[in-house]
Amino acid sequence: MRIGVLALQGAFQEHVQMLQRLGVAAVEVRLPADLEGLDGLIIPGGESTTIGKLATTFGLIEPLRQFAQQKPVWGTCAGMIFLARQIGRDQPLLGVMDIVVERNAFGRQVDSFEVDLDVPALSANGSQPEPYPAVFIRAPRLVEARDGVAVLARLADGTAVAAQQGHWLATSFHPELTGDPRFHAYFVRMVAGA
Ligand code: GLN
């Protein structure tokens, strides 16, 4: 199995390391040709406007859309924004996943926070999994999950922060910045099952 990590800007190196820790070959993706032979792709957190601009410059938008139609893709934070169909402003997006997302929904950089989340989907054997430590950095929130989108995690106030639609996964937070590999393992299982 080979999983790509979009390596234009942002926290891609941490995703690569997490995949390697799980014994998965990780490939940095900067050009359309880099997508060849990959089984899945992670779009990291960073700055979605910058990622969109660079993806446009390098001719990646259409190849990424085509890839996403066929293979599992996971967007974290800015990556979730990049996957969303609608964000209420004009910037380059893949726009494949039926979610409406609001950028910077929790305030500024200083309002970044870490919280333990209940994520039943991370259960390996049907038992209640340990809480997942989630890091939010100028994070987006899921305003609307349309038909076919399952919400995987919510904050205590009900705000949706992780969702899956078929082979697409989106998280508001940064699972590559905590030492907990369970979200990456979950995505690896999605890729293995695709
Ligand atoms: N605020 C960033 C954006 O709008 C996302 C922040 C992040 O990825 N940590 O793209």
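Scope of the values below: all heavy atoms of this structure, side chains included, with no hydrogens, waters or symmetry mates. Counting starts at 1 for both ligands and their atoms, following the listed order. All values reported here derive from a predicted model rather than from experimental measurement.
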| How about Lys53: does its NZ atom have over 12 heavy atoms from other parts shown lying under 6.0 Å from it? | no
| task | Run the salt-bridge test on Arg21 and Glu176 with the 4.0 Å N-O cut-off and return the result as yes or no. | result | no
What short N/O contacts, under 3.5 Å, does ligand 1 make with the protein, listed by atom pair and distance?
from     : atom 1 : to     : atom 2 : distance (Å)
ligand 1 : 1 (N)  : Asn104 : OD1    : 2.6
ligand 1 : 1 (N)  : Arg138 : O      : 3.0
ligand 1 : 4 (O)  : Arg103 : NE     : 2.5
ligand 1 : 4 (O)  : Arg103 : NH2    : 2.9
ligand 1 : 8 (O)  : Gly46  : N      : 2.9
ligand 1 : 8 (O)  : Gly46  : O      : 3.1
ligand 1 : 8 (O)  : Ala78  : N      : 3.0
ligand 1 : 9 (N)  : Ile137 : O      : 2.9
ligand 1 : 9 (N)  : His174 : NE2    : 2.8
ligand 1 : 10 (O) : Ser48  : N      : 2.6
ligand 1 : 10 (O) : Ser48  : OG     : 2.8

| field | His174 and Glu14, any side-chain heavy atoms less than 4.5 Å apart | value | no
| query | Ser48 side chain to Phe82 main-chain N or O, any donor-acceptor pair under 3.5 Å? | reply | no
| task | For the pair His184 and Trp74, name the ring-plane relationship: parallel under 30°, tilted 30 to 60°, perpendicular over 60°. | result | perpendicular
| note | Cluster membership besides Met18, Ile/Leu/Val/Met/Phe/Trp/Tyr side chains within less than 4.5 angstrom, sorted by chain and number, is none
